[in-house]
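Each ligand, and each atom within it, is numbered from 1 in the order the structure gives.
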Amino acid sequence: MNAPSSAQDADPTLEGVVTRSTGSWYHVQVGDRIVRSRIRGKFRLTRQDVTNPVAVGDRVSLRVNDEDGTGLILDIHDRTTKLSRRASGHRTDEEHVMVANVDRAWIMQSVRLPALNAAFVDRLLVAAAVNEIPAGVIINKMDLLTDEQRTAVMDFHLRYADLGYPVLPMSALHGKGIEPLKAELQDQMSVVTGPSGTGKSSLLNAIEPGLDVETGEVSESTSKGTHTTTHAELHSLSFGGYLVDTPGIREFGVRQVHPKDLAHFFPEMISYVNECKFPDCTHDHEPGCAIQAAVDRGEVHPARYDSYLRILESLQEEEEKRF
Ligand SMILES: Nc1nc2c(ncn2[C@@H]2O[C@H](COP(=O)(O)OP(=O)(O)OP(=O)(O)O)[C@@H](O)[C@H]2O)c(=O)[nH]1
Ligand SMILES: [Mg+2]
Ligand SMILES: [Zn+2]
């Protein structure tokens, strides 16, 4: 308990936002300065289902040690939103909070090196929808687009635009097409996520050249990035707002969804779910399924339906493991 403070003693508790987390140390922005901080042990003990009790974006109360200037995080404020994924490793039911309190999630893809991955986009769109975070899609490296790819990229673009998601083609490296994104980022707390090498950190440098965020190479032989960004980091934008740069994700596992609710997170499927013959239809094999019929009629994109089936399967496997 705190000792009662006299009138001369100002309350030494400060408020800040976590800009970086390395596991044991957290960077907390307090006004204009960054305080290197630790957390109280109790957060680790009470949240065993989460790999990281404090995430980038969290608003916290902290106290600063006068002697060495380090902070101790005393309290984490309630989150408005969070974007989490299944933690990698043996305990697949564990949650890893990628970022807290974001208003907007941008899913980054590149036309080449690495190639577009619609299944990845669909899993992240579901995760964002589950957490009620509006999402958009960025198609980067437009300068690498070849004639053979043009139709596929256009199909990809239209697929998501038709569903109502903002889709922004750009070339982060050359600073092309970034103005529309800047308008979307202004005064918002946003996160950019995507596979390694798609250009997330390059995007930060394009919109805020002073940041000088480290970027890495993409292997020509494997088309994979080299996981240059190793920790999520929140950057302040000079035109207002924050953008969180995140490490490239190898695999994104959807959590927190009951298999029977999954179709509700595919906007184009919602209107059909109550028209299936069986009320507990999983939309993967049942006769009289309105969603399968919509796929056959071309009203639901087959790639989206395929993503639905793959996520459904992984959620059903998780369910089985629980019993
Ligand atoms: N041609 C081209 N290359 C780009 C573009 N944007 C980024 N790159 C290159 O792609 C490579 C990877 O860029 P990064 O910004 O490090 O990618 P990242 O998404 O942050 O990757 P991780 O931190 O590993 O997750 C670098 O060599 C960049 O120069 C672009 O618009 N066009
Ligand atoms: Mg990066
Ligand atoms: Zn059905």
(request) Using a 4.5 Å cut-off on heavy atoms from C-beta on, say whether the side chain of His258 contacts that of Glu319. (result) yes
(message) Within 2.8 Å of the Mg ion (ligand 2), is there any N, O or S atom belonging to Thr229?
(response) yes
(request) Give the numbers and elements of all ligand 1 atoms closer than 4.0 Å to a heavy atom of Leu173. (result) 2 (C), 3 (N), 4 (C), 5 (C), 6 (N), 29 (O), 30 (C), 31 (O), 32 (N)
(request) Could you tell me whether Asn140 approaches ligand 1 through its side chain, its backbone, both or neither, with non-hydrogen atoms closer than 4.0 Å? (result) side chain
(message) Quick check: do His235 and Val213 have side-chain heavy atoms less than 4.5 Å from each other?
(response) yes
(request) Report, in ascending order of atom number, the atoms of ligand 1 lying under 4.0 Å from any heavy atom of His227. (result) 24 (O)
(request) Starting from atom 18 (P) of ligand 1, locate the nearest protein heavy atom and write down its residue, its atom name and how far away it is, to 0.1 Å. (result) Lys200 N, 3.5 Å
(message) Among all protein heavy atoms in this structure, tell me which lies nearest to atom 26 (C) of ligand 1, with the distance rounded to 0.1 Å.
(response) Gly216 O, 2.8 Å
(message) With no hydrogens and no angle check, just 3.5 Å: does a side-chain donor-acceptor pair link Tyr305 and Asp296?
(response) no
(message) Less than 3.5 Å apart, any donor N or O on the side chain of Ser61 or His77 sitting next to an acceptor on the other?
(response) yes
(message) With nothing but distance in play, are any N or O atoms of Thr226 less than 3.5 Å from an N or O of ligand 1?
(response) no
(request) Provide, to 0.1 Å, the distance between atom 17 (O) of ligand 1 and the closest protein heavy atom, together with that atom's residue and name. (result) Gly199 N, 3.2 Å
(message) Test of understanding: clusters of I, L, V, M, F, W, Y form through side-chain heavy atoms closer than 4.5 Å, transitively. Do Leu237 and Val191 belong to the same one?
(response) no
(message) So, 2.8 Å as the limit: is an N/O/S atom of Thr215 located closer than that to the Mg ion (ligand 2)?
(response) no
(request) Only one of Lys200, Glu214, Glu217 passes side-chain contact (heavy atoms from CB on, under 4.5 Å) with Thr228; say which it is. (result) Glu214
(request) Below 4.0 angstrom from a heavy atom of Gly248, which ligand 1 atoms are there? Numbered from 1 as shown, please. (result) 25 (O)
(message) So for Gly225, does at least one of its heavy atoms come nearer than 4.0 angstrom to any atom of ligand 1?
(response) no
(message) Among all protein heavy atoms in this structure, tell me which lies nearest to atom 22 (P) of ligand 1, with the distance rounded to 0.1 Å.
(response) Ser196 OG, 3.6 Å
(request) Note the single closest protein heavy atom to atom 31 (O) of ligand 1, along with its residue, its atom name and the distance in Å. (result) Ala172 N, 3.0 Å
(request) Please note down the angle at the Zn ion (ligand 3) between SG of Cys281 and SG of Cys276, to the nearest 10°. (result) 120°
(message) Suppose we measure from atom 15 (O) of ligand 1 to each protein heavy atom; which comes out shortest, and what is that distance?
(response) Ser202 OG, 2.6 Å
(message) Among all protein heavy atoms in this structure, tell me which lies nearest to atom 10 (O) of ligand 1, with the distance rounded to 0.1 Å.
(response) Lys141 NZ, 3.0 Å
(request) Verify whether one side chain among Thr70 and Asn65 offers a donor that lies under 3.5 Å from an acceptor in the other. (result) no
(request) Return the residue, atom name and 0.1 Å-rounded distance of the protein heavy atom closest to atom 21 (O) of ligand 1. (result) Gly197 N, 2.9 Å
(message) Can you see whether Asp245 engages Ser201 through a side-chain donor-acceptor pair at a distance of less than 3.5 angstrom?
(response) yes
(message) Can a side-chain donor-acceptor contact be found between Tyr272 and Glu299 if the only test is distance below 3.5 angstrom?
(response) yes
(message) Is it the case that over 12 heavy atoms from other parts of the model lie below 6.0 angstrom from the CZ atom of Arg250?
(response) no
(request) May I ask you to check whether over 12 heavy atoms, not counting those of Asp187, lie within 6.0 Å of atom CG? (result) yes
(request) State the atoms of ligand 1, each with its element, that fall below the 4.0 Å cut-off from a heavy-atom position in Asp143. (result) 1 (N), 2 (C), 30 (C), 31 (O), 32 (N)
(message) Distance alone, cut at 3.5 Å: any donor-acceptor contact between the side chains of Glu317 and Ser314?
(response) no
(message) Within the 4.0 Å heavy-atom shell around Leu144, which atoms of ligand 1 are there?
(response) 1 (N)
(request) With heavy atoms of Thr215 as the reference, note each atom of ligand 1 found under 4.0 Å away. (result) 14 (P), 15 (O), 16 (O)
(message) Report the atom name of the nearest N/O/S atom of His283 relative to the Zn ion (ligand 3).
(response) ND1
(request) With rounding to the nearest 0.5 Å, note down the distance linking CG in Leu14 to CZ in Arg33. (result) 6.0 Å
